[in-house]
Amino acid sequence: MTFERCGLRIEVLGPLVDGELAPDGAAVTVADGGAAIDVAAREGVVLSLGVRIAVTGCRAYLRNGFQSWDGCYFVAPGTPAGNGPSAKAPTLGYAMTALLPVDGAGAVVIGADRHDRFQTRLTFGGTAERLLIDIECLLDGTGETRAETLHLFDGDAVEPSLRRWSERVAAASPTPPLLPERRLTGWCSWYNHYAEIDEATIRGEIASAKAFRDAHDAPLDIFLIDDGFTPEMGDWLDFRPTFPNGVAPLLAEAEAAGFRPGLWMAPFLVGNRSRLAAEHPDWLVQERATGAPFVCSRYYGEFRWHKRSEEYHVLDITHPDAADHMRRVFATWTRDWGARYLKLDFLHHGAEYGPDQVRWHEEGLSRVAIYRRMLELVRETVGPDVLLLGCGAPLWNSVGLVHGMRIGRDIGVSWHGEYSADSLLRDLLARNHGHNVLWQADPDCVLLRDRYHHLTDGEVEALARFAAGAGGVLMTSDTLDRLPPARAALFAELLREEVTGCDFASLGGGSSVVEQVLRADGKPIATQLFNPSDVPAEAADGTLVPPHALLRR
């Protein structure tokens, strides 16, 4: 079975059962000239089911990540896996990919449109001349014998083709996307104070944020107390000594100041030194090989994530008692303490591990079904008026369960590196197609302070304008009454600008200059030319843009 689109030749080589070509174990059905591909197992319980395809005439494929932090970028066929963590390998993707032809413009998108039942994984291999892609639906031994339908279509430009895929995902989701009526704005404690917070610090920041908002008449809505008020992951109803009165009085003060009060939580994580781990070890996901509590993260050196725990386990949300406990936690946080915005972090730990690696209390569920059980529990408990932001979250499996979605790594204090501007520059472009279609995109907080970082004034302004120009979540962690007047004016300007989204017309084109067209309710209002490279570069219209600079017109 072979078909051609956009100068690309795509050949279906056969079905995959548990990662291996197995023409006798499954059947492949191609419909509508290659527009839909279905795979069904002939018999037995399988862990995964999929198809292998070969592509020629391809100059790049989209390595589409699984969760907020694992990256989304274009890769040349034949690129080796590299030495990085497997979850970030350029040869491993999820949900879909976009194939760019060697000759000509446009793209071919291939991927699943349903992500509420199973995870779809793509493994890239082959050579520069002949790309091989294994597309597998991880059935996780649930007894299901049909993979999610793969859809294939082409378009004249890259980003509109990706947005078309997002629209198909939104339409196919049994839980309609939760799209806020306006952009989420506010202040977050993390990137200024990190875990070193206390009552006095938070009170001071409430006063500072209120003074800034009132002085600049800027729409600053959310006040978020991030990680640092609980003693250990999992002990969500306990407080550090620095919060002797808990957080309810602080949330009430934030609300009285005119803010939507918010709190941070990592609902799937349980520290080994937590009270929950000691009192309820049966609430922890087990390692299948040993029966011991599964360890998802280890911190054996001097850095212990601002806690005492050396190891982190995964809460088993399929255990009825654990589920009841989390209902009590979320009810307490929202109904008793007054939180109306929740940042839910490290959510990928609820959807990352299959039955070959771990054992949950209730077996026979897919990893996606387990993940969504937690998010559905949250939504049912807190009600429709509490806004949810997913962070470190499965992007495509969360549709209809969160209002906002982090689409990149944490911001950093330099231009290059693991925690730096690199993630913003990479992931905002390649994930912009989901903004205001699947969720509101969160590029993370903008950095505004004039010290304690390695960025120039021009770089700070360029990054802030680029992130704000996407029209998604716009927050900062910097103490607002300590900003230099020019930075305060910049943030106020960005908050007031009625941007609802943007387009990247040159996505996938290989140019060093990013052309970002800002939109308000679908109409273009401005264009920003951004050169994130380290050398001067020309835009498509011949404009010379200095390195690390943004020009607006």
Identify the two heavy atoms, one from [X] and one from [Y], that lie closest to each other, and give their separation to 0.1 Å.
X: Leu284; Y: Pro293; result: CD1-CB, 4.0 Å
X: Ala81; Y: Ala89; result: O-CB, 3.9 Å
X: Gly400; Y: Arg379; result: O-CD, 4.4 Å
X: Val402; Y: Trp439; result: O-CB, 4.3 Å

Check whether any side-chain N or O of [X] sits under 3.5 Å from a backbone N or O of [Y] as a donor-acceptor pair, and report yes or no.
X: Glu232; Y: Arg275; answer: no
X: Gln440; Y: Val473; answer: yes
X: Ser189; Y: Asp226; answer: yes
X: Arg63; Y: Thr91; answer: no
X: Arg372; Y: Asn397; answer: yes
X: Ser68; Y: Ala393; answer: yes
X: Arg335; Y: Thr381; answer: yes
X: Thr175; Y: Leu401; answer: no
X: Trp165; Y: Thr97; answer: no

Assess the residue pair Arg340 and Asp385 against the criterion (salt bridge (charged side-chain N to carboxylate O under 4.0 Å, His left out)); give the C-alpha distance rounded to whole Å, side-chain angles, the decisive distance to 0.1 Å, and a yes or no.
CA-CA 7 Å; Arg340 296 194 294 120; Asp385 296 330; over 6 Å; no
What verdict does the salt bridge (charged side-chain N to carboxylate O under 4.0 Å, His left out) test give for Asp70 and Arg431, after you've listed the backbone C-alpha separation in whole Å, the side-chain angles of each residue and the deciding distance to 0.1 Å?
CA-CA 12 Å; Asp70 61 357; Arg431 289 172 170 167; 3.2 Å; yes
May I ask you to decide if the ring planes of [X] and [Y] are parallel, tilted or perpendicular, using 30° and 60° as cut-offs?
X: His361; Y: His319; answer: tilted
X: Phe66; Y: Tyr94; answer: tilted
X: His348; Y: Trp69; answer: perpendicular
X: His349; Y: Phe346; answer: parallel
X: Tyr299; Y: Trp305; answer: tilted
X: Phe229; Y: Trp333; answer: tilted
X: Phe303; Y: His306; answer: perpendicular

Evaluate the criterion salt bridge (charged side-chain N to carboxylate O under 4.0 Å, His left out) for residue pair Arg367 and Glu352; output intermediate values, then yes/no.
CA-CA 7 Å; Arg367 65 193 72 189; Glu352 194 157 328; over 6 Å; no
At what distance, to the nearest 0.5 angstrom, does [atom1] of [X] lie from [atom2] of [Y]?
X: Gln67; Y: Leu395; atom1: CD; atom2: CG; result: 7.5 Å
X: Cys58; Y: Glu129; atom1: SG; atom2: CD; result: 11.5 Å
X: Trp264; Y: Cys391; atom1: CH2; atom2: SG; result: 9.5 Å
X: Thr79; Y: Leu131; atom1: OG1; atom2: CG; result: 10.0 Å

Residue pairs involving residues 421-430 (criterion side-chain hydrogen bond (donor to acceptor under 3.5 Å, both in side chains); sequence neighbours excluded):
His416-Asp422, Ser423-Asp427
Determine which pairs satisfy side-chain hydrogen bond (donor to acceptor under 3.5 Å, both in side chains) with at least one residue from residues 14-33, sequence neighbours left out, and list them in order.
none
Report the C-alpha distance between Glu159 and Arg163 in whole Å, list the side-chain angles of each, state the deciding distance to 0.1 Å, and finish with yes or no for salt bridge (charged side-chain N to carboxylate O under 4.0 Å, His left out).
CA-CA 6 Å; Glu159 189 174 56; Arg163 190 168 285 123; 3.7 Å; yes
Over 12 non-hydrogen atoms of neighbours within 6.0 angstrom of CD in Glu363
yes
Return yes when atom CD of Glu279 has more than 12 non-hydrogen atoms of other residues, nucleotides or ligands closer than 6.0 Å, and no otherwise.
yes
Assess whether side chain to side chain contact (heavy atoms under 4.5 Å, CB included) is satisfied between Asp410 and Tyr191, documenting all intermediate values.
CA-CA 9 Å; Asp410 289 16; Tyr191 297 102; 3.2 Å; yes
Does the separation of the ring centres of Phe294 and Trp360 fall below 6.0 angstrom?
no
His115 and Phe118 aromatic centres sub-6.0 Å
no
